Amino acid sequence: MEKKWWQKEVIYQIYPKSFYDSNNDGIGDIKGITQKLDYLQSLGITMVWICPIYKSPMADNGYDISDYYQLNPEFGEMSDLDELIEKAKVKGIKVVLDLVINHTSDEHPWFQDLLQNPNTSQYRDYYILKTGENGQPPTNWRSVFGGSVWEPLPNTDEYYFHSFDVKQPDLNWENKEVREELYKMVNYWLEKGIAGFRVDAITFIKKDQNYDNLRPDGVDGLVKCTKKARNQPGIEEFLHELNDETFSKYNCVTIGEAPGVPYEQYGDYIGDNGYFSMIFDFRYADLDVASGSEWFRRIDWNVLDLKKLIFTSQKEIQKAGWGANFLENHDQNRSISKYIKEEENRNFYSATMLGAMFFFLRGTPFIYQGQEIGMTNFERKNIEEFDDISSIDQYYRSMKEGFSEEEALHFINLRSRDNSRTPFHWNNKQFGGFSEVKPWLGMNENYTTINVEQQKQDPNSILQFYKEMIQVRQSSEASECLIYGEIEPILEDHPTIVAYKRKYRNEEVVCYFNFSSEDQKVELEHSNFNVLLNNYETLSEQISSLKPYQALILQKKEAGYNE
Ligand code: GLC
Ligand code: CA
């Protein structure tokens, strides 16, 4: 694969509402990001992806846009964003924004016009409208956030389609005018000097045009809409056109949120002429839920299951192109709470082991805010404490499926998107130094012990380890190998050790990760090596086993070469 500039980036994901509140209204903002640029620079990251900051009623925290060309006042003004882009650039940090083009908010002027003039609006064809049959919605498809995908269009016998919430009507991509409006907007932002986009829910833009019913898969009599409204044949035309009209004209990076794409099609998405620079593969992030969107259908898993998912993903992506690696994001719970099952094992070692295991995979690594200090899930005692619309839906739906209220609360506590959306822990002062007033979302009390200020001072902290990890990938003698090298899994049948090699020309780096709370014997690939990274202070001569949750990154020394 030809080298691309975005392969060597390390991307930090910012959830702006919870990063830093510069004006003390309880809500994080753009100025808050600008004020923390020194911190981001000291971490060593090279690019930030900022979740949506556009004008929005915030039903889905910005993934419901009411004006693509304006910012939400609670985040700041356009001049604040210009300032951020400029100052970040000086510090060697690029800015990527979120692009939400499958749907708008129902408060977008296009949809508002449709509501005002349902029969005559020039925007009728901007959305997906269908008439119901016998008082029933047009199909029995369930939206991602629960309930029918169809919502009655007031004062008509028609319904409008929404893949997600009722406040997020899907745009009609079959309409060329809609597509052209979107391309114009995409180019406007690229002209502004952003480095590219993370592209939201993009596999939903094409719907099966037959609009027929399927067999229900839940007690609500509905069936997941993904079978008919995600990655449908014909989507390739839209995605090629989007790329031709926008991205390809700029040397930008695009990261597709593309769930539901079978591996056989990865080449179309991320190959040489793919639609995107890279895409996220969610298969291993969702290994504890039987289905991608229903948290109450839980399954147990072991390290072998996890390994299999990760390595299959890595091999398939290596065949096709380039991947975007992540442990956490704003839709996932915290990784240490998810991947380390016993609470007593959630510590410095397991957090750094997990971090390194994913960080040195082949692909561009993403770090989600707070992951670098080991922020954890936050257990809520009452449904009232939740903000995330999908948690609230899953709570009620699991009770309809027959689970008790307690069970329902337990499921959503484990998986709620609010787990990772809590305000960032800057220090041990009230509200974790995020704001001086009560933040918009309840926060974890463990900010008194898990916070940036404390970890900055501790040379053996998770934060310090993340910095070293980034340094090793970006600017060590093994950088080229760790960035561009091929990946090859080893010890594939070992029940608790995850291990792989990265190979580039005649260089080789071997990475070992012990997922168990006990020592594990291991026979190393090479007897002659440099230790690039180790979360324990073992001496290299002593390595014949891995300590609990040890991470070890070893660079092979050339044969016959001695220090
Ligand atoms: C994506 C976003 C998620 C949002 C959804 C609808 O999955 O990551 O946060 O709710 O799209 O826009
Ligand atoms: Ca604020």
Side-chain angles (χ1 to χ4, degrees), residues 13-36 49-54 56-66 68 71-77 80 96-106 108 143-146 149 162-171 197-205 225-226 229-230 255-260 279-280 282 285-286 292-293 324 326 328-333 366 368 387-394 415-421 423-424 431 433-441:
Q13 184 190 349
I14 294 182
Y15 199 66
K17 213 173 168 180
S18 290
F19 191 58
Y20 183 61
D21 176 16
S22 74
N23 62 347
N24 294 310
D25 61 358
I27 298 169
D29 42 60
I30 298 169
K31 274 205 163 82
I33 304 174
T34 309
Q35 289 175 18
K36 294 296 183 185
W49 148 29
I50 307 174
C51 284
I53 46 178
Y54 315 94
S56 162
M58 301 297 274
D60 189 21
N61 283 335
Y63 286 95
D64 47 324
I65 297 172
S66 55
Y68 285 111
L71 303 183
N72 212 24
E74 65 187 34
F75 290 133
E77 291 174 17
D80 299 327
V96 162
L97 295 181
D98 224 301
L99 183 64
V100 190
I101 49 181
N102 173 66
H103 45 268
T104 67
S105 162
D106 63 343
H108 191 286
S143 72
V144 175
F145 294 155
V149 295
H162 60 92
S163 298
F164 295 89
D165 192 60
V166 285
K167 283 188 68 64
Q168 295 168 299
D170 282 40
L171 285 164
F197 288 107
R198 175 268 190 184
V199 190
D200 186 69
I202 196 64
T203 39
F204 284 86
I205 59 176
C225 68
T226 50
R230 197 175 71 178
I255 308 123
E257 189 199 26
I279 58 175
F280 295 115
F282 293 94
D286 290 336
S293 60
F326 70 100
E328 295 180 10
N329 65 34
H330 66 294
D331 293 329
Q332 293 284 332
N333 52 341
F366 285 67
Y368 178 72
D387 169 81
D388 167 19
I389 39 181
S390 69
S391 303
I392 297 166
D393 160 60
Q394 301 239 348
R415 261 286 172 170
S416 175
R417 308 193 298 175
D418 285 335
N419 279 311
S420 60
R421 296 178 178 186
F424 191 88
F431 311 127
F434 162 74
S435 176
E436 278 167 23
V437 303
K438 193 164 183 270
W440 69 280
L441 183 66

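Only heavy atoms go into these numbers, but all of them, side chains included; no hydrogens, no water, no symmetry mates. Every number for a ligand or one of its atoms is a count from 1 in the order of the listing. Quantities reported herein were computed from a predicted structural model and do not represent experimental measurements.
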### Query
Taking all non-hydrogen atoms of both residues, which atom of Y54 and which atom of L97 are closest, and how far apart?
OH-CB, 3.6 Å
### Query
Hey, which of F75, F424, Y368 is the one that makes ring pair (Phe, Tyr, Trp, His ring centres under 6.0 Å) with F19?
F424
### Message
I need the nearest protein heavy-atom contact for atom 9 (O) of ligand 1: residue, atom name and distance, please.
### Response
D331 OD1, 2.7 Å
### Query
Does F282 approach ligand 1 within less than 4.0 angstrom via side chain, backbone, both or neither, non-hydrogen atoms only?
neither
### Pairing of R421 and D331 as salt bridge, 4.0 angstrom limit
yes
### Message
Can you name the atoms of ligand 1, numbered from 1 with element, that are less than 4.0 Å from a heavy atom of H103?
### Response
6 (C), 12 (O)
### Task
For the Ca ion (ligand 2), decide whether G26 has an N, O or S atom at a distance under 3.0 Å.
no
### Message
Closer than 4.0 angstrom, basic N to acidic O: yes or no for R417 and D60?
### Response
yes
### Query
Does ligand 1 have a heavy atom under 4.0 Å from the side chain of Q332, from its backbone, from both, or from neither?
neither
### Task
Verify, without hydrogens or angle tests, whether W49 (side chain) and R198 (backbone) share a donor-acceptor contact under 3.5 angstrom.
no
### Query
N/O/S atom of D21 under 3.0 Å from the Ca ion (ligand 2), yes or no?
yes
### Query
What N/O/S atom of D25 gets nearest to the Ca ion (ligand 2)?
OD1
### Task
Check whether any side-chain N or O of D80 sits under 3.5 Å from a backbone N or O of I30 as a donor-acceptor pair, and report yes or no.
no
### Query
When you measure from the side chain of D393 to the backbone N and O of S391, does any donor-acceptor pair fall under 3.5 Å?
no
### Query
So, is N23 placed with an N/O/S atom under 3.0 Å from the Ca ion (ligand 2), counting both backbone and side chain?
yes
### Side chain D29, main chain G76, donor-acceptor under 3.5 Å
no
### Contacting atoms of ligand 1, where contact means under 4.0 angstrom from a heavy atom of R417
3 (C), 4 (C), 9 (O), 10 (O)
### Task
For R421, take its heavy atoms, then give the atoms of ligand 1 lying under 4.0 Å from any of them.
9 (O)
### Message
Tell me the protein heavy atom at minimum distance from atom 10 (O) of ligand 1, and give that distance in Å.
### Response
D60 OD2, 2.5 Å
### Query
How is the N/O/S atom of D29 that comes nearest to the Ca ion (ligand 2) named?
OD2
### Message
Please work out, at 4.0 Å between heavy atoms, whether the side chain, the backbone, both, or neither of H162 comes within that distance of ligand 1.
### Response
neither
### Query
Does R198 have a non-hydrogen atom less than 4.0 Å from ligand 1?
yes
### Message
Let me confirm one number: the CG-CD1 distance from D64 to I389, rounded to the nearest 0.5 Å.
### Response
7.0 Å
## Note on the structure
min-distance protein heavy atom vs atom 7 (O) of ligand 1 -> E257 OE2, 2.8 Å
### Message
Starting from atom 1 (C) of ligand 1, what is the nearest protein heavy atom, named by residue and atom, and what distance separates them?
### Response
D200 OD1, 2.7 Å
### For V100 against D200, the heavy-atom pair lying closest together
CG1-OD2, 3.6 Å
